2 protein chains.
Amino acid sequence: MPQKNTGTEELIKASAKRLLFAEGKLHATTQEIADAAGVSRTSLHYYFRSRDLLIAEVFQEAMQALSERLNACMESDKPFKGKLEFLIDVFLRDMASFPYQETFLVTQMNTLGKELVETIHSGPVKNFLEEVKSEMDLGNLKPMDPYLFLINLFSLLSYPLIMAPLYKQLFQLTDNAFSDLIGDRKKMILELLLNETDV
Amino acid sequence: MPQKNTGTEELIKASAKRLLFAEGKLHATTQEIADAAGVSRTSLHYYFRSRDLLIAEVFQEAMQALSERLNACMESDKPFKGKLEFLIDVFLRDMASFPYQETFLVTQMNTLGKELVETIHSGPVKNFLEEVKSEMDLGNLKPMDPYLFLINLFSLLSYPLIMAPLYKQLFQLTDNAFSDLIGDRKKMILELLLNETDV
DNA sequence: TTTTTATTAAACAAAAATGTCAAATATATT
DNA sequence: AATATATTTGACATTTTTGTTTAATAAAAA
């Protein structure tokens with residue numbers, strides 16, 4: 001393992017993430033990853049020993065990052081609606097660059113066991129859920145199980161970007177037509193989830 | 001290729017679909033598929049010549065089936081709300097048995113080109129979208145681009161089931177707790193999408 | 001400059017997955 | 001029952017992917 005840091009290790013991980021999360025090549029080979037990083041396949045082994053270890057590391061980092069992103073939004077020092085908007089902004093941006101990240105995580109959890117991740121869970125969710133509950137009591141949100149509110153929120157945020165190729169095909173929409181369609185997703189989501197007419 | 005029909009060919013396809021769509025093993029090997037079907041790997045080659053051809057056939061069938069399911073719901077002889085409920089029922093049932101079908105389709109479209117599917121598109125969507133528009137004009141639905149209504153609908157239907165393992169982990173929910181949560185999904189979706197309090 | 005150390009690469013080895021073929025088994029037909 | 005045909009299998013071959021080793025290159029330290 002290297003002691004000096006030339007950035008190659010991070011470059012390889014970043015390239016792997018690009019292939020896996022951005023392009024949706026969920027089983028990119030070591031060769032493809034090395035090519036994407038512009039290094040030889042041997043370097044990949046030098047830094048990570050095996051494909052499995054590289055994938056495991058990428059998985060762990062993605063899981064950790066997701067959890068932290070979630071926490072950062074939910075713990076931010078804002079009123080509820082501000083937190084919500086922050087969360088939407090953050091996750092929409094993330095989905096735009098890495099639409100297949102969640103898909104990767106889930107398929108990994110399916111093929112491998114869940115041993116890898118048993119450490120990870122998002123703490124601040126509970127507090128945020130309390131806030132959601134309060135907002136419902138205040139009549140600002142439709143009353144429902146606060147977990148469902150969150151799941152609905154993430155559904156509306158993520159799914160359209162994950163399944164874009166499928167719906168472009170089924171609905172016969174061009175790339176541009178589709179982009180226009182989901183262009184103001186934030187507004188759409190807020191209108192749907194908040195009990196207001198003007199958000 | 002066989003002339004008599006002993007069901008083996010269908011059995012192999014069904015087993016492949018179970019692995020791919022139900023268990024989310026998006027790159028099941030020929031051996032795994034053959035094992036799941038209880039036949040030898042050679043039979044798989046006898047019927048499909050190669051893994052690629054088997055996958056292509058499964059892909060095509062799934063795409064076709066999806067499109068037809070969509071059409072059947074949208075063309076059904078019911079008032080709008082009936083169609084909508086029918087569609088929700090059909091797709092929720094489908095998601096319960098094959099949660100990773102859409103994921104498979106999309107990742108295939110990403111790795112392979114889109115040449116395979118250029119024939120497939122859902123015709124009756126356009127008519128249904130007209131109906132959606134009418135309902136909006138009548139004030140029964142929040143006004144928005146009708147395509148967005150559809151995409152929101154599918155998001156709420158599919159995403160929670162696709163990402164179940166991830167959210168169980170992040171929210172620290174048991175299988176039962178999660179099932180309870182999304183138990184009455186239909187009611188939830190209708191409440192969210194329709195401009196009524198009692199659906 | 002030489003010596004050490006980190007990094008990369010090319011060649012090779014091993015493993016895993018796919019694909020082929022000839023023979024065996026089962027099924028139907030006469 | 002004998003023959004023909006459909007189906008399945010086991011053994012082998014090929015290809016693809018992964019992993020290792022050894023030597024070359026580049027960078028830093030002495």
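We name chains A, B, ... by the order of the sequence lines, and we start the count at 1 in each one. Computed from a prediction, not measured in an experiment: that's the story for all the values here.
Against DNA chain D, the stretch residues 17-38 of chain A makes heavy-atom approaches under 4.0 Å through A:Thr29, A:Thr30.
For B:Lys25 and B:Glu32, the salt-bridge test fails: no basic side-chain N is under 4.0 Å from an acidic carboxylate O. A salt bridge links B:Lys133 with B:Asp137: at least one charged nitrogen is closer than 4.0 Å to a carboxylate oxygen. B:Glu61 and B:Lys17 are joined by a salt bridge, as a carboxylate oxygen and a charged side-chain nitrogen come within less than 4.0 angstrom of each other. Using a 4.0 Å cut-off between charged side-chain N and carboxylate O, B:Lys13 and B:Glu10 make a salt bridge.
Between B:His27 and A:His27, the ring planes lie parallel to each other; the angle is under 30°, not in the 30° to 60° tilted range.
For A:Thr42 and C:dA10, a side-chain-to-base donor-acceptor distance below 3.5 Å is present, hydrogens and geometry of angles not being considered. At a cut-off of 3.5 angstrom, counting only N and O atoms as typed in the model, there is no donor on one side facing an acceptor on the other between the side-chain of B:Arg49 and the base of C:dG19.
For B:Phe104 and B:Phe98, the gap between ring centers reaches or exceeds 6.0 Å.
Checking D:dT9, D:dT18, C:dT18 against every side-chain atom of A:Arg51, the shortest atom distance belongs to D:dT18. Picking from D:dT18, C:dT18, C:dT8 the nucleotide with the shortest atom distance to the side chain of A:His45 gives D:dT18.
The closest side-chain donor-acceptor pair between B:Asp35 and B:Gln31 falls under 3.5 angstrom.
Here the straight-line distance linking atom OG1 of A:Thr111 with atom CG of B:Leu26 works out to 8.5 Å at 0.5 Å rounding.
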N/O contacts under 3.5 Å, protein versus nucleotides 23-26 of chain C?
none

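The distance from atom CG of B:Leu11 to atom C1' of D:dT7 is 14 Å, rounded to the nearest whole Å. Taking atom CD1 of residue A:Ile55 and atom P of nucleotide D:dT18, one finds them 9 Å apart after rounding to whole Å. Here D:dA11 presents its C1' atom at 11 Å from CZ of B:Arg41, a figure rounded to the nearest Å.
The number of heavy-atom neighbours closer than 6.0 Å to NZ of B:Lys168, taken from other residues, nucleotides and ligands shown, is above 12.
For A:Tyr47, a side-chain nitrogen or oxygen approaches OP1 or OP2 of C:dT8 to under 4.0 Å. In this model, the phosphate group of D:dT7 is not approached by any side-chain N or O of B:Ser43 to a distance below 4.0 Å at OP1 or OP2.
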